**Student:** 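Quick one: the structure is below, and I'll ask about it shortly.
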Amino acid sequence: MKIFNTLTGEKEEFKPIAKGEVKMYVCGVTVYDRCHMGHARAGVAFDFIYRSLETLGYKVTYVRNFTDVDDKIINRANERNISCDELVEENIKTFYEDMGALNLKKPTHEPRATQYISQMLKLIEELVDKGLAYESKGDIFYSVRSFPQYGKLSKKNIDDLEEGARVNINEDKRDPLDFALWKKAKDGEPKWESPWGEGRPGWHIECSAMSRELLGNNFDIHGGGKDLVFPHHENEIAQSQGACGCAPVNYWMHNGFVNINKEKMSKSLGNFFTIKDVIAKFDPEAVRLYLVSTHYRSPIDFADEYLAEAERTLDRFYATKLRASKLLPDGETAKADDKLMERFLDTLKDDFNGAMTVALLNEVITSINVCCDKFKKENSGHIKNLASLLSALDEIASVLGILYRDPAEYLESVKDKRLAERGTTREHVEEQIEKRNTAKADKDYVTADKIRDDLRKNGVLLKDSPNETTWVMMTRVSSAMGNGAQSV
RNA sequence: GGCACCGUAGCCAAGUGGUAAGGCCGCGGACUGCAAAUCCGCUAUCCCCAGUUCGAGUCUGGGCGGUGCCUCCA
């Protein structure tokens with residue numbers, strides 16, 4: 001198996017520390033606000049990696065933290081006139097709602113920073129003892145210059161950084177690049193006892209403390225968004241390695257950014273989307289499908305048309321599943337085809353290639369349809385093959401974290417949602433179909449086609465078969481093709 | 001200014017040395033009263049230039065274009 005390691009900038013053969021086991025730590029969220037699409041991207045990316053590792057037979061210990069003490073939390077709580085605790089609880093609750101909608105599996109551990117204060121203090125003491133950190137008026141700073149490898153992960157030269165350093169230099173620091181491990185308590189802020197008086201942790205120390213406590217001084221994989229490479233992960237290395245003397249992490253993995261309509265998602269540009277906003281408009285499963293269709297390291301662009309396309313793709317997947325399951329006798333199962341499974345596992349082994357995995361899934365969907373077509377025509381045989389393809393479909397979809405709903409239920413629920421958006425009802429559609437069937441029986445095709453065209457304008461797509469007429473609802477954008485709406 | 005990354009068909013997007021995955025759109029066909037769905041077929045030599053190599057989208061150098069990080073950020 002190969003993993004792209006940020007540390008070396010190359011895909012490397014993965015060698016776990018303990019055979020058959022993987023210890024993975026991924027930076028979760030600072031819970032001061034609702035989750036945005038960047039969190040969704042990171043969440044889904046590492047969820048896919050987590051599932052892939054398990055599918056490849058590794059026993060995975062997956063840690064994803066909550067940072068629940070931080071400047072932003074304190075500021076936001078003050079703005080809203082609530083306690084930090086209230087704010088944190090609220091946002092952890094909505095985190096689970098959002099990530100649950102995106103079908104994220106529960107990690108092995110989900111530590112909160114405030115539960116690891118003693119481990120942080122111990123780590124800081126070790127750093128002070130070793131002369132890598134120093135106290136200054138109740139604050140403790142890490143002395144970046146005393147860690148020779150500083151900049152290795154982000155490939156930055158410490159002197160270049162010095163030149164670019166911002167003007168508001170903290171007088172209490174010996175060097176502008178030094179960063180806080182511990183901050184002296186201020187009024188109205190959360191605080192804990194420490195050997196240097198009351199205070200609270202700095203931003204980076206929690207991840208070093210929690211990963212060490214739960215995974216040890218040296219573990220396999222550490223992940224997060226690309227934006228965390230510097231300074232967060234660089235500082236983590238300085239802290240952890242400074243304390244234990246060994247490299248804390250063997251493989252650093254970083255997911256790419258989210259863009260909105262080709263611009264970086266940011267609050268100042270006004271193109272900032274929460275997960276809640278997006279899944280109110282598009283099916284969360286389609287959002288997940290879209291996220292996982294792009295390689296985790298590449299940037300991903302969000303726009304209505306792309307998500308609508310993902311919805312159409314999801315419709316197709318479920319429609320195929322439903323079609324096949326109707327043909328398959330109850331209890332008929334078969335092992336997934338070996339060749340197919342081998343290709344599948346190979347895509348996972350190649351740095352978790354989600355795009356390639358979705359491509360493979362598309363091939364399987366086509367094969368299933370071919371199989372169904374043949375069965376329909378010849379009315380015999382192909383059952384074993386169909387069952388085998390469905391098994392393959394389920395295995396692949398399960399790693400991607402999609403197609404977990406009952407196909408019929410999915411298709412019906414989507415119908416209701418889209419009917420409501422169109423302001424029409426099932427009763428109306430059924431009524432029109434009745435009328436049309438009467439016209440068809442009379443061979444009055446002009447009337448029949450008129451009814452069909454009118455329904456289509458409302459997003460209703462009719463499908464005639466010899467004995468019945470079924471219908472589906474188009475997604476919003478597909479039925480208004482060409483107007484390029486891109487508002488997400 | 002420093003440091004990274006990216007530039008593949010109308011659009012989205014895989015692919016780190018051997019003659020370009022997949023999806024959307026489009027076109028042709030099978031099927032259909034006509035459609036829809038489904039299936040079959042068609043649609044690129046990979047920003048430009050030079051080099052390394054038997055062979056490069058894939059490596060090296062230069063150029064052009066775009067993005068990110070250097071400050072809180074998934």
Side-chain angles (χ1 to χ4, degrees), chain A residues 4 6 9-11 26-30 32-33 35-46 70-72 75 151 154-157 159-166 168 203 223-232 234 254-259 262-267 289-290 293-295 297-301 303 305-306 308-310 312-313 315-316 319-320 323 343 347 350 353-363 365-374 376-377 440 443 445-446 448-449 452-453 456 460-466 469-472 474 478 481-482 484:
Chain A
F4 184 90
T6 307
E10 285 172 359
K11 260 192 217 173
V26 174
C27 286
V29 296
T30 300
Y32 75 104
D33 204 350
C35 292
H36 58 243
M37 288 310 294
H39 297 116
R41 162 73 137 163
V44 169
F46 286 99
D70 167 88
D71 291 354
K72 289 192 296 297
N75 294 339
S154 54
K155 293 163 184 63
K156 289 183 188 308
N157 180 303
D159 295 312
D160 294 341
L161 284 169
E162 196 80 77
E163 282 174 30
R166 299 298 156 132
N168 56 345
W203 173 32
K226 266 196 167 79
D227 50 341
L228 295 180
V229 174
F230 189 90
H232 185 56
E234 197 70 70
H254 294 96
N255 64 269
F257 285 119
V258 169
N259 295 327
K262 300 184 176 150
E263 283 182 313
K264 188 194 171 184
M265 183 175 82
S266 80
K267 285 184 176 169
L289 170 62
Y290 183 61
S293 308
T294 297
H295 190 99
R297 278 189 280 118
S298 303
I300 189 167
D301 193 34
E305 54 181 303
Y306 302 146
E309 186 182 320
R312 266 174 277 149
T313 303
D315 286 357
R316 174 167 180 260
T320 300
R323 183 185 182 206
R343 285 177 64 202
T347 67
D350 184 18
N353 195 327
M356 197 68 113
T357 307
V358 174
L360 192 61
L361 188 79
N362 267 298
E363 284 185 42
I365 288 286
T366 299
S367 300
I368 290 174
N369 276 316
V370 168
C371 210
C372 290
D373 282 356
K374 278 187 188 160
K376 206 173 146 195
K377 226 172 173 178
K440 270 175 70 184
K443 301 233 186 292
Y445 291 120
V446 175
D449 291 352
R452 184 173 63 198
D453 292 345
R456 185 171 186 148
V460 183
L461 217 58
L462 300 189
K463 302 178 181 182
D464 290 330
S465 75
T469 298
T470 59
W471 54 282
V472 296
M474 293 185 273
S478 67
M481 277 302 287

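Throughout, a chain's letter reflects where its sequence line sits, starting with A, and its residues are numbered from 1. For clarity, every value in this text was computed on a predicted model and none was experimentally measured.
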**Student:** Name the pairing partner of B:A9, where a pair is Watson-Crick or G-U wobble with both distances under 3.5 Å, or state none.
**Tutor:** none

**Student:** Test side chain to side chain contact (heavy atoms under 4.5 Å, CB included) on A:Leu289 and A:Thr313 and set out the steps.
**Tutor:** CA-CA 9 Å; A:Leu289 170 62; A:Thr313 303; 4.0 Å; yes

**Student:** With A:Asp464, which residues qualify under side-chain hydrogen bond (donor to acceptor under 3.5 Å, both in side chains), at least two apart?
**Tutor:** A:Arg436, A:Lys440, A:Thr469

**Student:** Hey, is A:Arg452 close enough to A:Asp449 for a salt bridge, meaning N to O under 4.0 Å?
**Tutor:** yes

**Student:** Output yes when A:Arg343 and A:Glu363 qualify as a salt bridge under the 4.0 Å nitrogen-oxygen rule, no when they do not.
**Tutor:** yes

**Student:** Rounded to the Å, how far apart are A:Lys264 NZ and B:C6 C1'?
**Tutor:** 16 Å

**Student:** Whole angstroms only, please: what is the CG-P distance between A:Asn353 and B:G15?
**Tutor:** 5 Å

**Student:** For A:Val229, report the nucleic acid contact type (base, sugar-phosphate, nothing); a contact means any heavy atom under 4.0 Å.
**Tutor:** nothing

**Student:** Take atom C1' in B:A14 and the same atom in B:G62, then report the distance between them in whole Å.
**Tutor:** 28 Å

**Student:** I'd like to know if A:Asp464 reaches the base of B:C34 with its side chain such that a donor and an acceptor end up less than 3.5 angstrom apart.
**Tutor:** yes

**Student:** By nearest atom, which of the nucleotides B:A74, B:U16, B:G22 is closest to the A:Asp350 side chain?
**Tutor:** B:U16

**Student:** My understanding is that only residues two or more places apart in sequence, or in another chain, count here; which of them pass salt bridge (Lys or Arg N to Asp or Glu O under 4.0 Å) with A:Asp70?
**Tutor:** A:Lys72

**Student:** Distance from A:His254 atom NE2 to A:Phe46 atom CZ, nearest 0.5 Å?
**Tutor:** 7.5 Å

**Student:** Quick one: salt bridge (Lys or Arg N to Asp or Glu O under 4.0 Å) partners of A:Asp350, sequence neighbours excluded?
**Tutor:** A:Lys11

**Student:** For A:Gly225, which contact category applies under a 4.0 Å heavy-atom criterion: base, sugar-phosphate, or nothing?
**Tutor:** sugar-phosphate

**Student:** Please classify the nucleic acid contact of A:His36 as base, sugar-phosphate, or nothing, using heavy-atom distances under 4.0 Å.
**Tutor:** base

**Student:** Return the nucleotide paired to B:G68: Watson-Crick means purine N1 to pyrimidine N3 with N6-O4 or O6-N4, wobble means G-U with N1-O2 and O6-N3, both under 3.5 Å.
**Tutor:** B:C3

**Student:** Would you mind checking if A:Arg323 and A:Asp373 are paired as a salt bridge, meaning a charged N to carboxylate O distance below 4.0 Å?
**Tutor:** yes

**Student:** Between atom CG in A:Asp301 and atom C1' in B:C6, what is the gap in whole Å?
**Tutor:** 14 Å

**Student:** Scan A:Gly9 against the nucleic acid and name what it touches under 4.0 Å (heavy atoms): base, sugar-phosphate only, or nothing.
**Tutor:** nothing

**Student:** What's the closest nucleotide to the side chain of A:Arg456 if the choices are B:C12, B:A36, B:A74?
**Tutor:** B:A36

**Student:** Using both distances under 3.5 Å as the test, list the Watson-Crick or G-U wobble partner of B:G61, or none.
**Tutor:** B:C49

**Student:** Select base, sugar-phosphate, or nothing to describe what A:Lys440 touches, counting heavy atoms under 4.0 Å on all strands.
**Tutor:** base

**Student:** Mind checking whether A:Lys156 and A:Val229 have side chains closer than 4.5 Å, heavy atoms only?
**Tutor:** no

**Student:** Both distances below 3.5 Å, Watson-Crick or wobble geometry, any strand: find the nucleotide opposite B:G28.
**Tutor:** B:C40

**Student:** When rounded to the nearest Å, what value does the distance between P atoms of B:C46 and B:A20 take?
**Tutor:** 12 Å

**Student:** Would you kindly compare A:Lys155 and A:Pro299 by the position of their nearest RNA chain B nucleotide and give the one closer to the 5′ end?
**Tutor:** A:Lys155

**Student:** Checking contacts here: which listed nucleotide (B:C72, B:A74, B:A13) is nearest the side-chain heavy atoms of A:Thr294?
**Tutor:** B:A13

**Student:** So which protein N/O to nucleotides 18-21 of chain B N/O distances come out below 3.5 Å?
**Tutor:**
none

**Student:** Could you tell me the separation between the OH atom of A:Tyr445 and the P atom of B:U32, rounded to a whole number of Å?
**Tutor:** 13 Å

**Student:** Closest to the A:His39 side chain: B:G15, B:G22, B:A74?
**Tutor:** B:A74

**Student:** Could you work out the separation of B:G66 and B:U60 based on their C1' atoms and round it to a whole Å?
**Tutor:** 23 Å

**Student:** For the P atoms, the ones on B:G57 and on B:U8, what distance do you get once it is rounded to whole angstrom?
**Tutor:** 15 Å

**Student:** Applying side chain to side chain contact (heavy atoms under 4.5 Å, CB included) to A:Arg456 and A:Leu461, what does each step give before you reach the verdict?
**Tutor:** CA-CA 6 Å; A:Arg456 185 171 186 148; A:Leu461 217 58; 3.8 Å; yes

**Student:** What does A:Lys156 touch in the nucleic acid at a heavy-atom separation under 4.0 angstrom: a base, only the sugar-phosphate, or nothing?
**Tutor:** base

**Student:** Within this structure, what is the CE-to-P distance between A:Met474 and B:A36, rounded to whole angstrom?
**Tutor:** 11 Å

**Student:** Nearest to the side chain of A:Glu309, heavy atoms from C-beta on, is which of B:C24, B:A36, B:G22?
**Tutor:** B:C24

**Student:** Given B:C70, B:C12, B:G33, identify the nucleotide with an atom nearest to the side chain of A:Phe230.
**Tutor:** B:C70

**Student:** For nucleotides 37-42 of chain B, which of its nitrogen or oxygen atoms have a protein nitrogen or oxygen under 3.5 Å away, and what is each distance?
**Tutor:**
{"from": "B:U38", "atom 1": "O3'", "to": "A:Asn369", "atom 2": "ND2", "distance (Å)": "3.3"}
{"from": "B:U38", "atom 1": "O2'", "to": "A:Asp373", "atom 2": "OD1", "distance (Å)": "3.3"}
{"from": "B:U38", "atom 1": "O2'", "to": "A:Asp373", "atom 2": "OD2", "distance (Å)": "2.7"}
{"from": "B:C39", "atom 1": "OP1", "to": "A:Arg316", "atom 2": "NH2", "distance (Å)": "3.3"}
{"from": "B:C39", "atom 1": "OP1", "to": "A:Asn369", "atom 2": "ND2", "distance (Å)": "3.4"}
{"from": "B:C39", "atom 1": "O4'", "to": "A:Asp373", "atom 2": "OD2", "distance (Å)": "3.1"}

**Student:** Between B:U45 and B:C25, how far apart are the C1' atoms? Round to whole Å, please.
**Tutor:** 22 Å

**Student:** Which part of the nucleic acid does A:Lys11 contact within heavy-atom distance under 4.0 Å: base, sugar-phosphate only, or nothing?
**Tutor:** base

**Student:** For A:Thr347, give me all partners under side-chain hydrogen bond (donor to acceptor under 3.5 Å, both in side chains), at least two apart in sequence or on another chain.
**Tutor:** A:Thr357

**Student:** Can you figure out which of B:U16, B:C72, B:A14 approaches the side chain of A:His295 most closely?
**Tutor:** B:A14

**Student:** Specify the separation, in whole Å, of atom OH of A:Tyr306 and atom P of B:A13.
**Tutor:** 6 Å

**Student:** For the base of B:G68 and the side-chain ring of A:Phe257, does the geometry meet a stacking cutoff of under 5.5 Å between centres and under 30° between planes?
**Tutor:** no

**Student:** Would you mind reading off the distance between A:Leu228 atom CG and B:A4 atom P, rounded to a whole angstrom?
**Tutor:** 20 Å

**Student:** Determine, stepwise, if the pair A:Ile300 / A:Tyr290 fulfils side chain to side chain contact (heavy atoms under 4.5 Å, CB included).
**Tutor:** CA-CA 9 Å; A:Ile300 189 167; A:Tyr290 183 61; 3.6 Å; yes

**Student:** Determine whether any donor atom in the side chain of A:Asp159 lies under 3.5 Å from an acceptor atom in the base of B:G2, or the reverse, and answer yes or no.
**Tutor:** no

**Student:** For the base of B:C24, is there a side-chain donor-acceptor partner from A:Arg312 under 3.5 Å away?
**Tutor:** no

**Student:** Please give, in whole Å, the distance from B:G23 P to A:Asn362 CG?
**Tutor:** 5 Å

